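For reference, the structure is listed below as structure tokens.
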2 protein chains.
Amino acid sequence: MSTSPIRRETTVADVAAVAKVSKAQAARALGGYGAVSSDVRSRVLKVAEQLGYHPNMLARSMNTGRSHTIGVVVGDIQNPYFSLAMRAISDTAQPAGYDVLLINTGEDVKAEQEAVRVLQDKRVDGYIIAPVLSDDNAHLRAVVDSGRPLVLLDRAVDGLEVDVIATASEQASFEAAQLLLEQGHERIAYISTLKARSDRYGSEKTLGSTPVAQRLGGMRRAFKEAGKEFPASLVRLNAGTDESIHEIVQELLAPPFGATAIMASDSVIALSALEEIANAGLTIPADLSFVMFDDLPWTRLLTPPLTVVSQPVYELGVAVATTLIHRMRGEQFSAEFDFHAQLIRRGSVAAPPHAETIIKRNSVSV
Amino acid sequence: MSTSPIRRETTVADVAAVAKVSKAQAARALGGYGAVSSDVRSRVLKVAEQLGYHPNMLARSMNTGRSHTIGVVVGDIQNPYFSLAMRAISDTAQPAGYDVLLINTGEDVKAEQEAVRVLQDKRVDGYIIAPVLSDDNAHLRAVVDSGRPLVLLDRAVDGLEVDVIATASEQASFEAAQLLLEQGHERIAYISTLKARSDRYGSEKTLGSTPVAQRLGGMRRAFKEAGKEFPASLVRLNAGTDESIHEIVQELLAPPFGATAIMASDSVIALSALEEIANAGLTIPADLSFVMFDDLPWTRLLTPPLTVVSQPVYELGVAVATTLIHRMRGEQFSAEFDFHAQLIRRGSVAAPPHAETIIKRNSVSV
DNA sequence: TTGAAAGCGCTAACAA
DNA sequence: TTGTTAGCGCTTTCAA
């Protein structure tokens, strides 16, 4: 072996010595700052190349105070919503010279607090967080107090004045509920992973300005306009696991509740719910109507294709990264992003089984 | 404001001063190493708490040489295969005290080289890489030479003796091809994103020990056992974009090639291909049989449900992280992982349109 | 168990 | 343009 396996990495000092210049000059040439004559620069660079010099970013960061790393905290990187956003963040941050330290919390608040802690210790230059809870913010406040920029993805947090990049979904949700109401549905269920103190949704309870709150707001408005009462008992939160979703769906479909339509808050929930619906032997949309949030490619391949509410997830990711980058650079930045969800009508919504008026109308037209 | 926005972070020295102990003792107490009396420790810890002390990991890493960070390089984090593996890596690394620096290469070799460079500079303790190419390894060799452990995910690289965690897929692929052959298919196409010099597959060309090579090997074996010639002209590589996949599918379906069955190398390809197949007005499995690699939840929801080759992706991720962690700790480790893909027969494979013998058999039994 | 002092590899004053 | 000298915040000798 020509190179010993355990060898010290070459440093600026090594390069400087061989190139016969001062450590400072070598550092300047290597770091690309300060004033260096082209003669010295080329000599230093050549020696560095020969010696296989690689700058130690840890040392550099310690001096400059910038790590050129951003911390991203999400609930579940496996969820297509987040992996797409992550892709966008990565695509945007990389060309700007930032790398991404990714922490997955499994939608657990304690893990999120821990994540923030780690990122602070590692001195990331900025944070992108999709917070689990909207009303527990001590750890997020600590980030803000640290003076490093934080941009929230998807959900705002009560009393925290930071940039929030999210999708306006009240209107799309309104339209979805309206569509269902027009078809004769009244018992419309909504299932979400959103963490809440209770699994049930009380209208009095504030869900903050989370997307879920917006969506329920849109639904309420549709019910109000239709002169019907919003079935708050059909809203289910904390739908974290496959099992819990299966249970929820069973319960919603059974007598006391008897949902005739289900709106799934994201694709992960939808997949579990659809599985359970199939298990129950129900056919969409004849027995049950279905709407899912997020427009994934496979929704078009189902029979019938799913009616969905699409969100500009990639664009959201780009926006959140762009905003953060501007903040980290200390630049003025006040772009107004206007992302809104959009209802895409496909085939999974129809009249409920026993809505006589609708069925009558259908039988006439068919 | 009680706290000035621009303030220096509290350091060990600050804590030491207030606690009236030496910097060294404070550091020992805070860092949890060396010998510290319980009296000093508690005093130091209390002061640290009051002052809101947070260790500067950059400084610590510089001294210890360990950053407690692992670098993960993948082609496309948006691909469910990688996002699931990533989830597994994160779930495994976190409890072991490692964070993840994620770099997405977009399946571009230059980006991969750059990624490795960045990770080296940031002094990650170990690397998990799903290499784009199997025969271009200078940058990977540099990693090995640096003395920090590298574990390859999914694909081996020629001449690089490092741990490789991958799925054995020759047999499952053999069975898939066999299933198709039994049904009367001979013009079986295979579409992959694998980067190759040519889009076409020449049997003489070595694909290294990539999963694709294994899969094609399995298919060849099935053809050989059936006494048929393997249609190498129906193997398509470099299927990177939606457009290219659409084109490939169109071409494969048209006269010169006339594929009667398609095997999609991953879910991203499958989605594009299925879309194009639907556009072409073809019905699966009546007009065309279809097999996809990776068993995603939605494949069960299609009509017909897709016949797939499932891979233990999460387990793969856990294994790759576990292996790396052992290596980083310098522990002896030689667990034999035995991951193999598995054919799951569902409904997307049937006899090709004009296979008289099969059709005859069907019409008897139905 | 404690403390003083050196040093990790780099950047940042300051002089020359 | 160059070099000298201090640090950055921590760990790590080495003595005491």
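Basis for what follows: all heavy atoms, side chains included, without hydrogens, waters or symmetry-related copies. Within every chain, numbering begins at 1; the chains are lettered A, B, ... in the order of the sequence lines, protein sequences first and strands thereafter. What you see is a predicted model, and the numbers here were worked out from it, not measured in a lab.
Nearest nucleotide to the side chain of A:Ala24, out of C:dG3, D:dG3, D:dC10: D:dG3. The side chain of A:Thr64 approaches C:dA12 more closely than any other nucleotide in the set C:dT2, C:dA12, D:dC10. For A:Tyr53, whose side chain is taken as the heavy atoms from C-beta onward, the closest listed nucleotide among C:dC10, D:dT2, D:dC10 is C:dC10. Distances from the side chain of B:Val40 to the nucleotides C:dC10, C:dT2, D:dT2 place C:dT2 closest. Taking every side-chain heavy atom of A:Ala35 into account, D:dT2 is the closest of D:dT2, D:dT13, C:dG9. The nucleotide whose nearest atom lies closest to any side-chain atom of B:Asn63 is, among D:dT12, C:dT1, D:dG9, D:dG9.
Comparing B:Ala59 and B:Arg41 along DNA chain C, the residue whose closest nucleotide (by nearest heavy atom) sits nearer the 5' end is B:Arg41. Where A:Gly31 and B:Val21 each meet DNA chain C at their nearest nucleotide, the meeting point lying more 5' is that of B:Val21.
Remark: the B:His54 side chain and the B:Glu9 side chain contain no N/O donor-acceptor pair separated by less than 3.5 Å. Checking B:Lys122 against A:Thr69 by side-chain atom types alone, a donor-acceptor pair falls below 3.5 Å.
A salt bridge is absent between A:Asp145 and A:Arg141: the closest approach of a Lys/Arg side-chain nitrogen to an acidic carboxylate oxygen does not fall below 4.0 angstrom. Ion pair B:Asp39/B:Arg43 flagged as a salt bridge, since at least one NZ, NE, NH1 or NH2 atom sits closer than 4.0 Å to an Asp/Glu carboxylate oxygen.
The separation between B:Lys23 atom NZ and D:dT11 atom C1' is 10 Å, rounded to whole Å. The distance from atom NZ of A:Lys122 to atom C1' of D:dC10 is 16 Å, rounded to the nearest whole Å. In this structure, B:Asn56 atom CG and C:dG9 atom C1' are separated by 14 Å, rounded to whole Å. To the nearest angstrom, P of D:dT13 lies 15 Å from CD of B:Gln25. In this structure, the CZ atom of B:Arg123 is 9 Å from the P atom of C:dG9, given to the nearest Å. To the nearest angstrom, C1' of C:dT11 lies 13 Å from CE of A:Met57. Nucleotide C:dC8 holds its P atom 9 Å from the CE atom of B:Met62, rounded to whole Å. The nearest whole Å value for the distance from the OH atom in B:Tyr33 to the P atom in C:dG3 is 13 Å.
Contact annotation: side chain of A:Arg28 to base of D:dG3, donor-acceptor pair present below 3.5 Å.
Checked by atom type and distance alone, the side chain of A:Arg28 never pairs as donor or acceptor with a backbone atom of A:Tyr33 at under 3.5 Å.
A close approach under 4.0 Å does not occur between any side-chain nitrogen or oxygen of B:Ser61 and OP1 or OP2 of D:dC10. Regarding contacts with the backbone of D:dG3, a side-chain N or O of A:Ser22 is found under 4.0 angstrom from either OP1 or OP2.
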